[in-house]
Undergrad: 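Just dropping this structure here.
Chain identifiers are assigned alphabetically (A, B, ...) following the order of the sequence lines, protein sequences preceding nucleic acid strands; residue numbering begins at 1 within each chain.
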There are 2 protein chains.
Amino acid sequence: MATATGPARRTPRRRQTAQARRERLTRERVLQSAIELADASGIEALSMRRLGEELGVEAMSLYTHVANKDDLLAGMIDAVFAEITPPSLEAHWKTAMRDRALSVRAALLRHPWATGLMDANAAPGEATLLHHDLVIGCLRGGGFSFAMTAHAFAVLDGYIYGFALQDRSLPFETPEETGDLAQEMLAQFPAGRFPHLAAFMVEHVLKPGYDFGDEFEFGLDLILDALERHRED
Amino acid sequence: MATATGPARRTPRRRQTAQARRERLTRERVLQSAIELADASGIEALSMRRLGEELGVEAMSLYTHVANKDDLLAGMIDAVFAEITPPSLEAHWKTAMRDRALSVRAALLRHPWATGLMDANAAPGEATLLHHDLVIGCLRGGGFSFAMTAHAFAVLDGYIYGFALQDRSLPFETPEETGDLAQEMLAQFPAGRFPHLAAFMVEHVLKPGYDFGDEFEFGLDLILDALERHRED
DNA sequence: ACCTGAACACCGTTCAAGT
DNA sequence: ACCTGAACACCGTTCAAGT
């Protein structure tokens, strides 16, 4: 009946949450659960107590696997980087950087809370460093000087993160919602107060088919094309 | 002796903070004090209780002038936008957008906490709307179509905010610190683990005179030049 | 109208104690 | 080694009470 690991020491669990509780707690399981919680309920819902509950454990048990909450957040960010397909060093730099940019954007769309956490003053994790290493390798391999690699890195990553920040800050999630909310906003403007913004909304944002997210690739290609010209200098 | 406003009702203040306490509390004074506190001590130090203390008042008094903490944060963001010199509608679009981008960047350097708060799901404030109105007016006046205005807006503001986010996330503040910390990081890399990153640091980041902040204008001009070409299409 | 003080339901984290 | 429970010093916000 009892396995070789010892006699059954089954104290009845008082609290049983949706999350299956079985395997031992590990750092990976803690991070994964934290990411799921932040994805589902927002980063402000992520507390040590709530996360413990999700894992069927007291909050303090988490501290065995995580130094503190900042360490938890840093680990979550690094896990997001681990999800990103790094740039291939075999492909042409431009297609490699384009694919990688789309992969970063997809990851930030899956985990919107990650963008605002990028400041995490903690040291960058392994996955983050590896990602940066390959980006630099890709640009260097594509013929960029060190100085131009620094320029390209700053403008590309700045754009990618900034676009995610803008996207997240929009008060609407879907194109349909955009219409409703933009209309509402428009109605609240004192007449003639913001004429250019009003015209822009009426003539562009409120037209069917507009989706802010679609703007991403335009800016990305604009930057990549411009970088290509600079590389040839 | 007593003024027309009534007899002196001076109850002795028990707590007196550095901040001079005199004038009546107003929304402006609350916002200004909150901004100063966030600038000086970081956004995580900004609590209602601490802000009240700074103003010589109990935390609950703040709620007369601010709906809740989210409203406080939204007000702070709008106050930062009010600091920005908006684009001139008289100047050439390119110089107007360049000056305005530098003004936004300067504001975000003065108030580093603002970048991460841009998501504030609250409705944008008056100063924010006015700023956006003038940016759109500037681009439209410069000959951009509505669609191209949307593109330009997304790529410019994305870059500006994203660069601020990157800048803030760097673990060093000054070029000198960069050297020290980069060296330290480098020393901790397992040998050969991040070869491109290591070479980049040794050959570029650690060279005297390197300052990440200097990258901003390169990317800005790259984008502005590329937009100019698109406008002419 | 504006400010206060006590209270409530939360936080992150410590520490000593359990197994 | 891992997990717990009580405790501490905080949060944002409510409410009834003061002036």
Side-chain angles (χ1 to χ4, degrees), chain A residues 2 5-17 19 21-31 33-34 37-38 41-76 117 120-122, chain B residues 2 5-17 19 21-31 33-34 37-38 41-76 117 120-122:
Chain A
T5 51
R9 34 154 215 159
R10 291 225 55 77
T11 38
R13 287 274 152 209
R14 272 164 307 171
R15 227 177 312 137
Q16 193 65 20
T17 61
Q19 195 79 355
R21 159 114 171 78
R22 266 292 170 57
E23 311 136 62
R24 238 134 171 292
L25 230 46
T26 62
R27 184 169 225 264
E28 279 61 45
R29 252 170 44 83
V30 170
L31 293 180
S33 206
L37 184 54
S41 312
I43 194 71
E44 72 285 349
L46 175 68
S47 71
M48 300 300 275
R49 284 166 162 93
R50 175 87 190 276
L51 178 57
E53 209 173 308
E54 212 75 21
L55 286 159
V57 114
E58 294 301 314
M60 283 319 300
S61 307
L62 302 173
Y63 286 82
T64 316
H65 305 97
V66 128
N68 48 40
K69 195 172 182 185
D70 275 350
D71 184 39
L72 173 72
L73 295 174
M76 291 166 71
L117 250 54
N121 359 14
Chain B
T5 51
R9 34 155 215 158
R10 293 224 55 76
T11 38
R13 289 277 151 207
R14 271 165 309 175
R15 227 178 313 140
Q16 192 65 21
T17 60
Q19 197 77 355
R21 159 115 170 78
R22 265 295 170 56
E23 310 136 62
R24 237 130 172 296
L25 229 46
T26 62
R27 185 170 223 264
E28 279 60 45
R29 247 166 49 82
V30 170
L31 293 180
S33 206
L37 183 53
S41 312
I43 194 71
E44 73 284 350
L46 176 67
S47 71
M48 299 301 275
R49 283 166 162 93
R50 176 86 191 275
L51 178 57
E53 209 174 308
E54 212 74 21
L55 286 158
V57 115
E58 294 302 314
M60 283 318 301
S61 307
L62 302 173
Y63 286 82
T64 315
H65 305 98
V66 130
N68 49 40
K69 194 172 182 183
D70 275 350
D71 184 39
L72 174 72
L73 295 175
M76 290 166 71
L117 249 55
N121 359 15

Undergrad: Against B:Leu62, only a single residue in B:Asn68, B:Val30, B:Leu72 fulfils side chain to side chain contact (heavy atoms under 4.5 Å, CB included); can you say which?
TA: B:Val30
Undergrad: Could you check B:Lys69 against A:His65 and say which one's nearest nucleotide on DNA chain D is further toward the 5' end?
TA: A:His65
Undergrad: Relative to the 5' end of DNA chain C, which residue comes earlier, A:Ala45 or B:Thr64, by the nucleotide with the nearest heavy atom?
TA: B:Thr64
Undergrad: Can a donor-acceptor pair be found, under 3.5 Å and without considering hydrogens, that links the side chain of B:His65 to the backbone of B:Leu25?
TA: yes
Undergrad: Is the shortest side-chain heavy-atom distance between A:Met76 and A:Leu117 below 4.5 Å?
TA: no
Undergrad: Would you mind telling me which residue lines up with the more 5' stretch of DNA chain C, A:Met48 or B:Ala59, judged by nearest nucleotide?
TA: B:Ala59
Undergrad: Considering every strand shown, what is the Watson-Crick or G-U wobble mate of D:dT19 when both distances are under 3.5 Å?
TA: C:dA1
Undergrad: Round to the nearest Å and state the distance from B:Asp71 atom CG to D:dG12 atom P.
TA: 14 Å
Undergrad: Rounded to whole Å, how long is the line connecting atom CZ of B:Arg50 with atom P of D:dC10?
TA: 11 Å
Undergrad: Measuring only between side-chain heavy atoms, which start at C-beta, is B:Leu51 closer than 4.5 Å to B:Lys69?
TA: no
Undergrad: For the pair made of OH in A:Tyr63 and C1' in C:dC11, what is the distance, rounded to whole Å?
TA: 10 Å
Undergrad: What is the distance, to the nearest angstrom, from the CD atom on B:Glu58 to the C1' atom on C:dC3?
TA: 9 Å
Undergrad: What integer distance in Å separates A:Arg49:CZ from D:dC3:C1'?
TA: 16 Å
Undergrad: Could you please name the partner base of D:dT14, counting Watson-Crick and G-U wobble pairs only when both distances are under 3.5 Å?
TA: C:dA6
Undergrad: I need the minimum non-hydrogen distance between A:Ala59 and A:Arg49, along with the two atoms involved.
TA: CB-CA, 3.7 Å
Undergrad: Grab the CG-P distance between A:Leu72 and C:dC11 for me, whole Å please.
TA: 14 Å
Undergrad: Among C:dC2, C:dT13, D:dT13, which nucleotide sits nearest the side chain of A:Asn68?
TA: C:dT13
Undergrad: Taking only side-chain N and O atoms of B:Ser61, does any of them lie within less than 4.0 angstrom of OP1 or OP2 on C:dT4?
TA: yes
Undergrad: Tell me what A:Met60 touches on the nucleic acid: a base, only sugar-phosphate, or nothing, going by heavy atoms under 4.0 Å.
TA: base
Undergrad: Which part of the nucleic acid, if any, lies within contact of B:Ser47, taking any heavy atom under 4.0 Å across all strands shown: a base, the sugar-phosphate backbone alone, or nothing?
TA: sugar-phosphate
Undergrad: Without decimals, in angstroms, what is the distance between A:Glu44 CD and D:dG12 C1'?
TA: 14 Å
Undergrad: Grab the CZ-P distance between A:Arg27 and D:dA1 for me, whole Å please.
TA: 19 Å
